[in-house]
> 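Quick one: this structure, given as structure tokens, is what I'll be asking you about.
Fair warning: this is a prediction, and the values are worked out from it, not measured in the lab.
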Amino acid sequence: MNLNDLEIFKTVYESDSINQAASKLKYAQSNISQRINHIEKYLEVKLFIRSNNGIQPNEEGKEFYNYCLRVLNETEFIKTKIKNNKQTLLCSELLFSYLTQQNKFFTDSDIDIATTTEINKKLQNKIYNKVISFNKIPNYILEKTETLNLAFFNNNKDNHLIPLLINRDEQCPLRQLSLKVKTEHQNILEIDSLEAIISLVELGKGTALLPIYLENNREIERDSLIQYSLDYYYHKISK
């Protein structure tokens, strides 16, 4: 059993289909079946339940899948580390914009940027040296906590009917805080990206909770003097 076998098992598990896994990996279906049978024979246990509707992992298969993720992720981490000796960093999309403005990034890091929802998905497939996010990350060491200051911005204060603009990502911390403090009858408009929200505020098409640092480089005005804050966290990989 080798790393390629683990990759094959992972793909079959995630596809719930040997045929789809063969198509993704560009192998013959018979080769995929042969490798799955080889793994089961090696482990002396069945990992899938076969039926006319396809295959489904049993409890042993689910446990082996988690093992595959660990081994493949750790292998990729070591390969990356040996290849270029660079730090790998995963950062919230919102925090990346802020920290770039503050010149708080190291140039020796390979950086992946993700929404709050995407961060957990990326952590399932890759191990990072450091993670900067609004959520505390299990299995990583918390290095420090810092605060991002926020305020509501509105370039059209005379229009009381303009909507509250929020990110469509339900895990977005600005969305969650906006909904928590919004007025009862305020209309809500969901937008796909932070940049689109800022642009709409600049055009006077809505009000939004945004980081205060943006008022220095964007044409936006505060709706009031009330400020809010969100904690964010620096993590490093546990050794």
Side-chain angles (χ1 to χ4, degrees), residues 3-7 9-11 13-14 57 59-150 166-180 192-195 209-214 228-239:
L3 289 175
N4 191 50
D5 288 334
L6 300 187
E7 187 63 46
F9 178 87
K10 173 179 175 289
T11 305
Y13 181 99
E14 293 174 349
E59 289 303 316
E60 289 79 8
K62 294 175 182 177
E63 185 174 351
F64 187 67
Y65 173 72
N66 291 328
Y67 165 79
C68 289
L69 289 181
R70 290 196 301 272
V71 173
L72 292 171
N73 288 344
E74 290 174 6
T75 301
E76 187 62 30
F77 175 72
I78 291 299
K79 284 170 58 180
T80 302
K81 184 175 181 180
I82 292 174
K83 182 179 178 180
N84 53 28
N85 202 30
K86 282 189 175 182
Q87 296 283 304
T88 54
L89 170 66
L90 176 62
C91 185
S92 158
E93 183 178 27
L94 173 59
L95 289 173
F96 176 78
S97 176
Y98 168 65
L99 295 172
T100 301
Q101 292 282 337
Q102 304 299 313
N103 296 317
K104 290 187 176 181
F105 277 127
F106 297 101
T107 56
D108 61 348
S109 294
D110 284 333
I111 304 171
D112 282 352
I113 303 167
T115 65
T116 304
T117 295
E118 292 170 342
I119 282 180
N120 287 334
K121 295 178 182 178
K122 284 187 172 290
L123 288 171
Q124 291 177 359
N125 297 311
K126 184 175 178 179
I127 296 175
Y128 293 87
N129 297 106
K130 294 182 180 293
V131 181
I132 307 175
S133 67
F134 287 104
N135 298 323
K136 294 182 179 178
I137 306 299
N139 303 320
Y140 278 74
I141 297 172
L142 179 62
E143 288 188 296
K144 61 179 178 178
T145 301
E146 294 192 355
T147 300
L148 179 65
N149 293 319
L150 312 165
I166 62 173
N167 198 297
R168 199 179 301 277
D169 179 2
E170 294 184 355
Q171 300 301 314
C172 173
L174 268 64
R175 171 196 171 104
Q176 294 176 347
L177 182 54
S178 296
L179 293 176
K180 184 178 179 180
D192 285 330
S193 72
L194 175 64
E195 181 58 35
L209 183 65
L210 297 169
I212 287 176
Y213 80 89
L214 288 172
Y228 303 87
S229 62
L230 281 175
D231 288 340
Y232 62 94
Y233 308 98
Y234 287 78
H235 309 80
K236 66 178 181 180
I237 190 170
S238 57
K239 296 183 179 180

> Under a 4.5 Å cut-off applied to non-hydrogen side-chain atoms, are Ile132 and Tyr98 in contact?
no
> Side chains of Leu6 and Tyr67: closer than 4.5 Å at any heavy-atom pair?
yes
> What's the shortest heavy-atom distance between Asn73 and Asn125, and which atoms?
OD1-O, 2.8 Å
> Looking at residues at least two apart in the chain, or sitting in another chain, which of them share a salt bridge (charged side-chain N to carboxylate O under 4.0 Å, His left out) with Glu14?
Lys10
> Tell me, yes or no, whether the heavy-atom count around Asn139 atom CG, taken from other residues, nucleotides or ligands under 6.0 Å, exceeds 12.
no
> Return the CG to CD1 distance between Leu150 and Ile212, rounded to the nearest 0.5 Å.
7.0 Å
> Of all heavy-atom pairs between Glu118 and Ala114, which one has the smallest distance, and what is that distance?
OE1-CA, 3.6 Å
> Do Ser97 and Tyr213 have side chains that get closer than 4.5 Å, going by heavy atoms?
yes
> My understanding is that only residues two or more places apart in sequence, or in another chain, count here; which of them pass salt bridge (charged side-chain N to carboxylate O under 4.0 Å, His left out) with Lys62?
Glu59
> CD/Glu74 to CG/Leu69 distance, rounded to the nearest 0.5 angstrom?
11.0 Å
> Would you say the side-chain atoms of Asp192 pair up with the backbone N or O of Arg168, donor to acceptor, closer than 3.5 Å?
no
> Could you grab the distance from atom OG1 of Thr100 to atom CD1 of Ile113, nearest 0.5 Å is fine?
7.0 Å
> For atom CD of Glu170, decide whether the heavy atoms of other residues, nucleotides or ligands shown that lie under 6.0 angstrom number more than 12.
no
> Looking only at heavy atoms, which two atoms of Leu209 and Ser178 are closest? And how far apart?
CB-OG, 3.3 Å
> What's the shortest heavy-atom distance between Cys68 and Phe9, and which atoms?
SG-CD2, 3.7 Å
> Roughly how far, to the nearest 0.5 Å, is CG of Leu72 from CG of Asn4?
10.0 Å
> List the atom of Leu148, the atom of Phe134, and the distance in Å for their closest heavy-atom pair.
CD2-CZ, 4.0 Å
> NZ of Lys130 to CD of Glu143: how many Å apart, nearest 0.5 Å?
3.5 Å
> Are a donor atom and an acceptor atom from the side chains of Asp110 and Thr88 found within less than 3.5 Å of each other?
no
> Distance check, rounded to the nearest 0.5 Å: Asn120 atom CG versus Ile137 atom CD1?
5.5 Å
> For Leu174 and Leu94, what are the C-alpha separation, side-chain angles and deciding distance, and is it a side chain to side chain contact (heavy atoms under 4.5 Å, CB included)?
CA-CA 9 Å; Leu174 268 64; Leu94 173 59; 3.2 Å; yes
> Donor-acceptor check, side chain of Tyr140 to backbone of Tyr128, threshold 3.5 angstrom: yes or no?
yes
> Could you work out, with side chain to side chain contact (heavy atoms under 4.5 Å, CB included) as the rule, every residue matching Gln171, not counting sequence neighbours?
Thr116, Thr117, Asp169, Gln176
> What are the two closest heavy atoms between Ser133 and Ile119, and how far apart are they?
CB-CD1, 3.8 Å
> Between the side chains of Thr147 and Asp231, does any donor sit under 3.5 Å from an acceptor?
yes
> Does the Arg175 side chain pair with the main chain of Ile166, one donor and one acceptor, at a distance under 3.5 Å?
no
